Number of protein chains: 2
Amino acid sequence: MKPADISLTACSYTHVLEIISNKWTALVIYSLEEGTIRYGEIKKRIEGISQKMLTQTLRQLERDGLVTRKVTPSVPPIVDYTLTPLGKTLIPCMKMLKEWAAEHYPSVQQARVSYELSEENGEVRQLES
Amino acid sequence: MKPADISLTACSYTHVLEIISNKWTALVIYSLEEGTIRYGEIKKRIEGISQKMLTQTLRQLERDGLVTRKVTPSVPPIVDYTLTPLGKTLIPCMKMLKEWAAEHYPSVQQARVSYELSEENGEVRQLES
DNA sequence: CGGGATCCTGCATGATACTG
DNA sequence: CAGTATCATGCAGGATCCCG
């Protein structure tokens with residue numbers, strides 16, 4: 001019985017989601033978990049990502065201090081990306097999300113199927129006195 | 001040195017984010033943490049949410065088996081929402097995200113400020129041999 | 001009170017072409 | 001190789017009005 005007090009901009013949940021809830025961010029971090037890799041390597045690892053989205057995602061992560069970008073000015077150029085110490089603190093969180101999904105996502109899928117089924121039928125039947 | 005193997009649709013990270021990464025979902029779950037409350041109560045608690053978005057978010061959560069909707073057909077009607085056991089399994093995850101934000105989000109904000117500052121100046125200076 | 005139905009808008013994402 | 005630039009688009013999200 002609290003007062004009205006959950007603010008979008010103030011809530012911590014929102015702050016994390018603001019960082020990792022983009023379509024590709026989580027996958028990019030995932031690809032960097034094991035250490036430093038090159039731009040092209042990331043792109044090869046993540047199925048279906050475009051250059052634009054990969055670059056954009058990496059820039060955001062760099063800007064947020066979660067990833068380090070190292071340019072070796074050769075021809076052709078080499079660009080390596082690494083998780084910063086701050087970035088690495090996200091790993092346990094991601095692992096937890098991963099475990100939750102592994103454990104409970106099947107239930108969610110099942111619930112969705114049931115939901116659609118009950119929609120096709122009469123659906124609203126509770127307490128039809 | 002793995003092969004190309006991170007798929008958006010197959011990755012567990014994505015599955016959780018698919019559920020909680022909407023603008024309001026996390027806040028709605030948060031408002032339900034303490035137990036059953038009514039539609040109007042949720043709306044009062046979450047600053048700035050519209051009826052449409054609240055209803056839509058609750059429907060998704062219901063469809064995913066995370067929330068129970070109980071209608072008491074009186075005039076005016078009473079509708080209560082409760083986290084299901086499955087929904088409650090999300091709480092520890094959310095708490096972890098919350099803690100991460102509390103601990104590390106200030107660093108992210110700081111990184112953003114630094115990033116903008118270095119943009120205003122010369123920015124690309126690394127190894128300008 | 002607790003919605004449903006509609007219309008509108010911006011931003012996230014994507015496809016394509018070019019470059020140092 | 002590792003991008004930048006431009007253009008196109010679809011859907012999340014918001015505003016508004018109506019209803020049992």
Side-chain angles (χ1 to χ4, degrees), chain A residues 4 8-9 14 17-28 31-32 36-64 67-82 119 123-124 126-129, chain B residues 4 8-9 14 17-28 31-32 36-64 67-82 119 123-124 126-129:
Chain A
L8 187 67
T9 51
T14 315
L17 294 176
E18 171 193 326
I19 296 174
I20 61 166
S21 78
N22 311 322
K23 186 167 182 182
W24 302 104
T25 304
L27 297 187
V28 170
S31 73
L32 291 170
T36 302
I37 65 175
R38 296 180 58 172
Y39 181 93
E41 266 303 307
I42 306 178
K43 189 163 190 313
K44 268 187 278 181
R45 284 238 231 150
I46 303 179
E47 187 186 315
I49 195 170
S50 64
Q51 307 110 327
K52 179 187 170 181
M53 282 295 106
L54 178 52
T55 301
Q56 183 176 305
T57 305
L58 285 167
R59 286 290 125 79
Q60 269 163 202
L61 288 171
E62 194 195 354
R63 170 194 133 159
D64 290 348
V67 155
T68 303
R69 181 180 128 108
K70 197 184 89 183
V71 182
T72 306
S74 57
V75 182
I78 295 171
V79 184
D80 298 295
Y81 291 93
T82 315
E119 265 190 330
E123 68 205 83
V124 191
Q126 12 110 43
L127 294 182
E128 47 184 341
S129 57
Chain B
L8 187 68
T9 51
T14 316
L17 294 176
E18 171 193 328
I19 296 173
I20 60 168
S21 77
N22 310 322
K23 186 168 182 181
W24 301 104
T25 304
L27 296 186
V28 170
S31 75
L32 290 171
T36 300
I37 64 176
R38 295 180 59 174
Y39 181 91
E41 265 303 306
I42 306 178
K43 188 161 189 315
K44 267 188 278 180
R45 283 237 230 151
I46 303 179
E47 188 186 315
I49 195 170
S50 64
Q51 307 111 326
K52 177 188 170 183
M53 286 331 287
L54 178 53
T55 300
Q56 184 177 304
T57 304
L58 285 167
R59 286 290 125 80
Q60 271 162 202
L61 288 171
E62 194 194 354
R63 171 193 133 158
D64 290 348
V67 155
T68 303
R69 181 179 128 108
K70 197 183 89 181
V71 182
T72 306
S74 56
V75 183
I78 295 172
V79 184
D80 297 295
Y81 291 92
T82 316
E119 264 190 330
E123 67 203 85
V124 191
Q126 13 110 43
L127 296 182
E128 47 185 340
S129 56

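Proteins come first, then strands; the chains are lettered A, B, ... in the order of their sequence lines, and each starts at number 1. Since we're looking at a predicted model, the values are computed, not measured.
- Rounded to an integer number of Å, the gap from A:I37 CD1 to D:dC1 P is 15 Å.
- Looking only at distances, no side-chain donor or acceptor of A:T25 sits under 3.5 Å from a matching main-chain atom of A:S21.
- When distances are taken from the side chain of A:W24 to each of D:dT16, C:dG14, D:dG3, the shortest belongs to C:dG14.
- A heavy-atom distance below 4.5 Å is found between the side chains of A:V67 and A:L32.
- Residue order along DNA chain D, read from the 5' end via each residue's closest nucleotide, puts A:R59 first among A:L8 and A:R59.
- Distance B:K70 NZ to C:dC1 C1': 16 Å, rounded to the nearest Å.
- Taking atom NZ of residue A:K43 and atom P of nucleotide D:dA2, one finds them 11 Å apart after rounding to whole Å.
- A:S50 comes within 4.0 angstrom of no nucleic acid atom, judged by non-hydrogen atoms across all strands.
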Verdict with reasoning, A:Q56 to A:Q60, per side chain to side chain contact (heavy atoms under 4.5 Å, CB included): CA-CA 6 Å; A:Q56 183 176 305; A:Q60 269 163 202; 4.0 Å; yes

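- Counting heavy atoms from C-beta outward, A:V28 and A:Y81 have side chains that stay 4.5 Å or more apart.
- One atom, CG of A:D80, and another, P of D:dA2, lie 8 Å apart when rounded to the nearest Å.
- Mapping A:K52 and B:M53 onto DNA chain D by nearest heavy atom places A:K52 closer to the 5' end of the strand.
- Taking atom CD1 of residue A:I42 and atom C1' of nucleotide D:dC1, one finds them 13 Å apart after rounding to whole Å.
- When the side-chain nitrogen and oxygen atoms of B:Y81 are compared with OP1 and OP2 of C:dG3, one or more of them lie within a distance under 4.0 Å.
- Remark: A:R38 is in phosphate contact with D:dA2, judged by side-chain N or O atoms under 4.0 Å from OP1 or OP2.
- Interface remark: the B:K23 side chain does not form any donor-acceptor pair with the D:dG13 base, using a distance-only criterion of under 3.5 Å.
- A sub-4.0 Å separation between OP1 or OP2 of C:dG2 and a side-chain N or O of B:R69 is absent.
- Whole-Å rounding puts the A:Q56 CD to C:dC11 C1' distance at 10 Å.
- Atom CD of A:E18 is separated from atom C1' of D:dG13 by 17 Å (rounded to the nearest Å).
- In this structure, CG of A:L17 is placed 11 Å from P of D:dG13, rounded to the nearest angstrom.
- In this structure, A:L58 and A:I42 have side chains that are in contact, with non-hydrogen atoms separated by less than 4.5 Å.
- The side chain of A:Y39 approaches D:dA2 more closely than any other nucleotide in the set C:dT13, D:dA2, C:dG3.
- Of the two residues near DNA chain C, A:I49 and B:P77, the one whose nearest nucleotide lies more 5' is B:P77.
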